[in-house]
Amino acid sequence: MKSQSLQKSTSQDKLQFSDLDQLSKSINAAVTFLLETRTPEGWWQDYNFPQAASIGDEWVTGYVGTVLSEVPDTRIHSALLQAWELLKTRDHRPSGGWGYNYKLCTDADTTGWALQLAAAVGASDSERAQRAKLALASQLQPDGGLSTFREEPIRAYIKVPDLAKVSFAGWCSSHACVSAAVARLPEFHSRLLDYLRATQTSEGNWKGYWWPDHEYTTALAAEALAASGEASDKPRIEQAVAWGLKRLSPQGFVATSRHPNGSTFATAWCLRLLLLNTDDAEVKAATAAATQWLLEQQKLNGSWELSAYLRIPFPFDPNPDEFPRWRYYVEIEEGDNKRFEGSIIFDHNSIFTTATVLSSLQKAAQVLEK
């Protein structure tokens with residue numbers, strides 16, 4: 001892999017990552033931040049749609065709990081058990097799955113992350129988890145991918161008169177970002193691989209539906225292929241890593257339109273992608289640069305600047321990358337036009353971003369410790 005912008009000296013190649021002690025301190029601070037930002041009941045809450053779904057808790061709790069379960073810290077286990085008990089109380093949906101919060105219907109992404117948390121606390125075979133797996137299976141599509149929603153429940157929830165006859169084909173078709181996340185579950189891994197293989201772009205990445213930063217979807221999809229152990233997937237993984245290498249600046253960050261000087265969220269996912277290749281000298285140098293940049297961005301309270309942008313396409317839109325008029329939700333003036341469709345929201349509590357960076361740094365630490 002050759003790239004003029006990221007060529008490093010041999011001595012830098014040998015470093016691979018930043019100092020392990022610095023990495024450990026950063027991870028410890030991030031864990032402390034996440035444990036301290038729980039609600040009194042034990043939820044993690046982030047994102048907010050004041051005029052729509054309100055704040056997310058089931059989804060965020062499933063995601064953050066899954067991330068923390070991979071960190072060897074004695075403070076974490078009781079928080080994970082508490083989180084799982086809270087998720088079990090949300091059993092009001094006929095499908096048996098989980099949603100963004102109490103108000104919303106089942107979605108495959110939240111259900112997938114909640115099931116990963118269930119596995120982390122040894123509850124994968126519980127009756128509650130088994131019901132949720134059936135809910136997930138019901139959302140498998142003919143093309144082999146997973147849709148985020150089933151049409152009837154989400155259409156009933158929206159209840160917007162001018163959307164009554166509008167297609168929900170966008171929200172209810174297969175989504176690579178959701179499929180890649182759920183592919184982490186052993187019961188769904190092999191069932192989703194062919195879909196992921198088929199949806200990789202010619203550039204090497206995967207395009208997310210709900211996430212404008214395709215590093216998220218690409219890293220999860222490439223990790224799923226790597227976990228398969230199939231020799232035929234190696235070129236696909238290499239192509240994905242090469243795409244990630246091009247996304248990284250010489251300073252070690254991924255620039256986005258909102259964060260031209262570096263998005264911590266996109267950079268963290270790019271780091272996870274690069275960690276799939278620990279042999280190539282140029283990739284190792286890029287990995288070191290990304291790790292160091294992320295360490296330098298951490299705040300004193302252990303968090304990172306919010307940058308996990310979630311986009312809400314119109315229900316009928318199957319290709320949100322082509323939509324030209326995205327608006328940041330917080331910048332839309334109050335009134336009839338303050339609709340969440342066609343808008344982008346972010347994790348105002350920095351919990352989702354911090355969990356994401358923590359996950360990437362923990363994986364980097366595991367590689368360094370080998």
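Atom set for the values below is all heavy atoms of this structure, side chains included, hydrogens, waters and symmetry mates excluded.
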I'd like to know if the side chain of [X] and the backbone of [Y] have a donor-acceptor N/O pair within less than 3.5 Å.
X: Q239; Y: S202; result: yes
X: D57; Y: Q45; result: no
X: N101; Y: K103; result: yes
X: D317; Y: G170; result: no
X: Q292; Y: G252; result: no
X: N301; Y: S303; result: yes
X: S69; Y: T66; result: yes
X: R38; Y: L35; result: yes
X: S228; Y: L225; result: yes
X: H259; Y: S307; result: no

Where do [X] and [Y] come nearest, in terms of heavy atoms and distance?
X: L273; Y: A222; result: CD1-CB, 3.7 Å
X: I351; Y: V64; result: CG2-CG2, 3.7 Å
X: V254; Y: A266; result: CG1-CB, 3.8 Å
X: N277; Y: D279; result: OD1-N, 3.0 Å
X: L196; Y: A176; result: CD2-O, 4.2 Å
X: P318; Y: F316; result: CD-O, 3.1 Å

What do you reckon, is CZ of R150 surrounded by more than 12 foreign heavy atoms closer than 6.0 Å?
-> no
Count the heavy atoms belonging to other residues, nucleotides or ligands that lie under 6.0 Å from CD of E85, then report whether that count exceeds 12.
-> yes
Could you please spell out the steps behind the salt bridge (Lys or Arg N to Asp or Glu O under 4.0 Å) verdict for E305 and K299?
-> CA-CA 8 Å; E305 180 185 5; K299 297 182 179 181; over 6 Å; no
Given W211 and F352, is the ring-ring contact (aromatic ring centres under 6.0 Å, His included) satisfied, shown in steps?
-> CA-CA 13 Å; W211 300 97; F352 208 94; 5.5 Å; yes
Residue pair K284, D280: steps toward the salt bridge (Lys or Arg N to Asp or Glu O under 4.0 Å) verdict = CA-CA 6 Å; K284 288 193 290 185; D280 184 90; over 6 Å; no
In a check of side-chain contact (heavy atoms from CB on, under 4.5 Å) between T267 and each of L294, T291, D213, T256, which one passes?
-> L294
Aromatic plane relationship, [Y] with [X] - under 30° parallel, 30 to 60° tilted, over 60° perpendicular:
X: W210; Y: F149; result: perpendicular
X: Y216; Y: F265; result: parallel
X: H92; Y: Y102; result: parallel
X: W113; Y: Y63; result: perpendicular

Can you list the residues that meet the side-chain contact (heavy atoms from CB on, under 4.5 Å) rule with A30, with sequence neighbours excluded?
-> Q298, W304, T354, L358
Taking the side chain as every heavy atom from C-beta outward, state whether [X] and [Y] have any atom pair closer than 4.5 Å.
X: N28; Y: R75; result: yes
X: W44; Y: L34; result: yes
X: W98; Y: T106; result: no
X: R311; Y: W326; result: yes
X: T264; Y: W293; result: yes

Hydrophobic cluster membership, V121 vs L86, 4.5 Å side-chain cutoff | yes
Could you go through the salt bridge (Lys or Arg N to Asp or Glu O under 4.0 Å) check for R93 and D107 one step at a time?
-> CA-CA 11 Å; R93 299 178 181 89; D107 74 74; over 6 Å; no
Could you check whether [Y] and [X], counting side-chain N and O atoms only, form a donor-acceptor pair closer than 3.5 Å?
X: E58; Y: T110; value: no
X: N205; Y: T201; value: yes
X: T39; Y: E41; value: yes
X: R236; Y: Q200; value: no

Could you go step by step and tell me if Q141 and S147 meet the side chain to side chain donor-acceptor pair (under 3.5 Å) rule?
-> CA-CA 7 Å; Q141 300 300 299; S147 64; 3.3 Å; yes
W84/W43 under ring-ring contact (aromatic ring centres under 6.0 Å, His included): CA gap, chis, key distance, verdict | CA-CA 10 Å; W84 172 241; W43 294 103; over 10 Å; no
Where do H175 and D109 land on the side chain to side chain donor-acceptor pair (under 3.5 Å) test, with the steps shown first?
-> CA-CA 10 Å; H175 298 145; D109 196 56; over 6 Å; no
Worked check of salt bridge (Lys or Arg N to Asp or Glu O under 4.0 Å) between E215 and K246 = CA-CA 12 Å; E215 287 78 8; K246 293 176 182 177; over 6 Å; no
Which residue pairs pass the side chain to side chain donor-acceptor pair (under 3.5 Å) test when at least one of the two sits in residues 122-132, sequence neighbours left out?
-> S124-K133
Write out all pairs satisfying salt bridge (charged side-chain N to carboxylate O under 4.0 Å, His left out) with one or both partners inside residues 253-269, taking only residues at least two apart or from two chains.
-> R258-E331
Any chance you could lay out the ring-ring contact (aromatic ring centres under 6.0 Å, His included) test for Y47 and W59, step after step, and finish with the verdict?
-> CA-CA 10 Å; Y47 297 91; W59 172 52; 5.1 Å; yes
